Protein chains: 2
Amino acid sequence: MMSDGVTELIEASGIAPQNGERRRGIDRVIMLLEALLRHRAPMRVGDIARMIGAPRSTTYEIVNSLLEAEMLENVGTEGYVYFGRAMHLFGWAYSHHNAHYRRILETLDRMAAETGETVQLCGLRGNKYVVLDCRDSPGPFRISSDVGVEVSIPWTASGRLLVGHMSEEEIKNFIPAGDYKLPDGRVIAPEEFFADVALARRQGFSETAALADRFTWCMAAPIHDGHGAINKTLCFVLPVDTPEVRRGELLSLLRERARGLSLVGG
Amino acid sequence: MMSDGVTELIEASGIAPQNGERRRGIDRVIMLLEALLRHRAPMRVGDIARMIGAPRSTTYEIVNSLLEAEMLENVGTEGYVYFGRAMHLFGWAYSHHNAHYRRILETLDRMAAETGETVQLCGLRGNKYVVLDCRDSPGPFRISSDVGVEVSIPWTASGRLLVGHMSEEEIKNFIPAGDYKLPDGRVIAPEEFFADVALARRQGFSETAALADRFTWCMAAPIHDGHGAINKTLCFVLPVDTPEVRRGELLSLLRERARGLSLVGG
DNA sequence: CACTTTTGTCCGGTATTTCAGACATCATGT
DNA sequence: ACATGATGTCTGAAATACCGGACAAAAGTG
């Protein structure tokens with residue numbers, strides 16, 4: 001028996017498990033790490049092999065190399081591996097190397113402390129939306145999405161800002177057609193989405209209520225990079241029944257802080 | 001001229017730049033990332049090549065692959081590269097991965113796959129409740145609590161089961177007085193909580209509606225260890241508006257699976 | 001301006017690495 | 001007990017990824 005519900009993911013991943021194809025170790029490594037990220041839990045070598053469409057023997061070899069480098073580590077009694085300490089160091093180095101990003105993270109901390117709400121930093125990864133970092137509200141149960149998980153752009157408030165620089169035509173080519181379908185089955189008409197994008201661009205912020213799920217009110221404000229483009233967004237994830245007055249206050253704060261983080265063009 | 005004071009580091013690194021040796025791409029990648037980490041600043045491809053003792057052509061190839069995977073990214077006007085966003089995501093995954101995976105994983109996976117709901121494995125850690133593991137329902141935003149975060153026992157359904165073996169007196173000594181106060185300010189009367197505990201023990205399960213927050217219906221069933229004690233629970237976290245019929249089905253499934261995982265006496 | 005160093009890209013050959021398959025051991029389930 | 005499937009390790013062989021080297025263009029130096 002396969003130890004997991006992994007088979008669906010193999011097919012979903014779209015990686016053609018073409019037979020007889022030989023691939024480079026580097027590419028295997030990249031595929032492996034991304035598979036691990038999507039799965040979000042330790043995996044066994046056999047399952048990894050299936051997931052990335054690599055021979056078992058090759059996968060063992062690669063995993064052992066990465067284990068030795070501490071990019072992966074064993075977890076649990078046997079067989080399971082997950083990201084290792086080295087990854088943490090690399091990631092930490094990434095997020096602290098540039099002053100702008102550090103400033104953003106500090107703002108994130110401050111906003112979370114001041115408001116007690118869930119705050120996120122969002123961006124694009126390919127043609128998907130991802131949460132780059134977040135500070136969750138202190139309650140025991142929270143409404144949030146995991147850092148690094150790819151989500152369809154039309155499901156999010158931030159997504160409406162992040163494609164703001166594109167024409168309708170460009171957006172149409174950029175976002176996969178299936179991404180307009182919400183998790184609950186509803187479908188967003190592309191025209192409606194384009195209108196949202198235009199509105200977000202005019203307003204300088206974007207809000208969605210009970211869109212990707214029934215419980216959240218999301219508001220996002222753009223962080224402009226040096227060239228005036230929108231690279232990242234700052235975002236509150238609120239309970240949908242948050243009073244309007246408070247929403248207004250939070251929106252003001254959000255826009256102010258996002259403006260403060262934007263770089264004015266060279 | 002070498003663009004940096006890198007030469008010293010090459011020697012300091014201890015990597016023998018043996019000539020004529022051929023190395024695998026994977027090993028090059030590992031050396032490259034570690035070199036970047038040691039250097040703690042963006043580097044140019046030429047310097048990287050010298051630093052890891054690799055041919056320039058090879059280094060370009062590798063760097064380009066890693067750039068495409070966003071494990072590296074270009075920084076500055078030209079030529080410099082440093083860790084990329086993917087590294088941040090991998091590192092985040094590492095540091096948010098708390099120990100206790102592994103044991104009841106399969107059941108957790110299967111239940112999540114079968115029902116599409118959020119399933120958790122819960123236990124005690126000192127006099128607090130913790131989520132030991134969870135499988136979240138699909139969908140981008142979810143209602144959940146972080147694995148490993150300590151929560152007051154009276155706020156949870158599982159908590160009512162986990163203290164089931166104690167007398168009222170023991171419970172009173174065990175749970176800090178402040179823990180009866182909910183996040184929204186309401187206070188649970190200790191007597192009411194004791195009654196809940198007794199009910200949970202008689203029923204063999206426990207449910208709470210909109211307790212720790214306004215959006216969740218929690219149901220928990222006990223996993224008995226070899227001595228008949230309850231030290232873990234299986235738990236569904238549902239939207240509070242889940243229809244009663246479905247709740248009934250899920251509760252049955254939950255109790256059945258929890259019973260299946262319980263160990264019958266030594 | 002002449003001179004040197006570096007950058008980024010391309011190419012063909014071969015030393016290597018990936019791959020397929022086999023095998024002994026464990027687990028799991030019937 | 002038997003059948004099935006997964007794990008971890010090896011091996012030989014062939015496809016190819018890496019290497020060395022060459023080149024034009026750019027950038028620094030005197």
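For clarity, every value in this text was computed on a predicted model and none was experimentally measured. Protein chains get the first letters and strands the later ones, always in sequence-line order, with residue 1 at the start of each. Keep in mind that the numbers below use all heavy atoms, side chains included, and drop hydrogens, waters and symmetry copies.
- In terms of phosphate contacts, B:R50 brings no side-chain nitrogen or oxygen within less than 4.0 Å of OP1 or OP2 of C:dT6.
- Atom CD1 in B:I62 sits roughly 15 Å away from atom P in C:dT9 (whole-Å rounding).
- Remark: of the listed residues B:W92, B:Y94, B:F90, B:F90 is the sole one forming a ring pair (Phe, Tyr, Trp, His ring centres under 6.0 Å) with A:F83.
- Comparing B:T59 and A:V45 by the nucleotide of DNA chain D whose heavy atom lies nearest to each, the residue mapping closer to the 5' end is A:V45.
- Residue-level contact check: B:R56 touches the bases, meaning some heavy atom is under 4.0 Å from a base atom.
- Ranking C:dT18, D:dC18, D:dG20 by closeness to the B:P55 side chain, first place goes to D:dG20.
- In this structure, A:Y60 atom OH and C:dC19 atom P are separated by 16 Å, rounded to whole Å.
- At its two ends the helix from C:dC1-D:dG30 to C:dT30-D:dA1 runs along axes set 50° apart, each axis drawn from five pairs and the angle rounded to 10°.
- Counting only N and O atoms by type, the side chains of B:R160 and B:T208 include no donor and acceptor under 3.5 Å apart.
- Nearer the 5' end of DNA chain C, as judged by each residue's closest nucleotide, is the contact made by B:G46, out of B:G46 and A:S57.
- For the pair A:I26 CD1 and D:dT16 P, the interatomic distance rounds to 16 Å; values are reported in whole Å.
- Rounded to a whole Å, the CD1 atom of B:I48 is 16 Å from the P atom of C:dT6.
- When the P atom of D:dA17 is taken as reference, atom CG of B:D27 falls 16 Å away, rounded to whole Å.
- Atom-to-atom distance recorded for A:L261:CG and A:I223:CD1 is 5.0 Å, nearest 0.5 angstrom.
- Taking atom CZ of residue B:R23 and atom P of nucleotide C:dT17, one finds them 10 Å apart after rounding to whole Å.
- Between B:R24 and A:N64, the residue anchored nearer the 5' end of DNA chain D, judged by the nucleotide with its closest heavy atom, is A:N64.
- Atom CZ of B:R28 is separated from atom P of C:dT16 by 12 Å (rounded to the nearest Å).
- The separation between A:D47 atom CG and D:dA6 atom P is 9 Å, rounded to whole Å.
- Note: B:E114 CD to B:T107 OG1 = 9.5 Å, rounded to the nearest 0.5 Å.
- Within the structure, the salt bridge (charged side-chain N to carboxylate O under 4.0 Å, His left out) test picks out the following pairs touching residues 64-73 of chain A (sequence neighbours left out): A:E70-A:R85.
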Kindly indicate, with the supporting measurements, whether the criterion side chain to side chain donor-acceptor pair (under 3.5 Å) is fulfilled by A:T59 and A:R28. CA-CA 8 Å; A:T59 309; A:R28 297 290 192 198; over 6 Å; no

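- Side-chain nitrogen and oxygen atoms of A:R44 include at least one within less than 4.0 Å of the OP1 or OP2 phosphate oxygen of D:dT7.
- With contacts defined as side-chain heavy-atom distances shorter than 4.5 Å, the pair B:N74/B:L67 qualifies.
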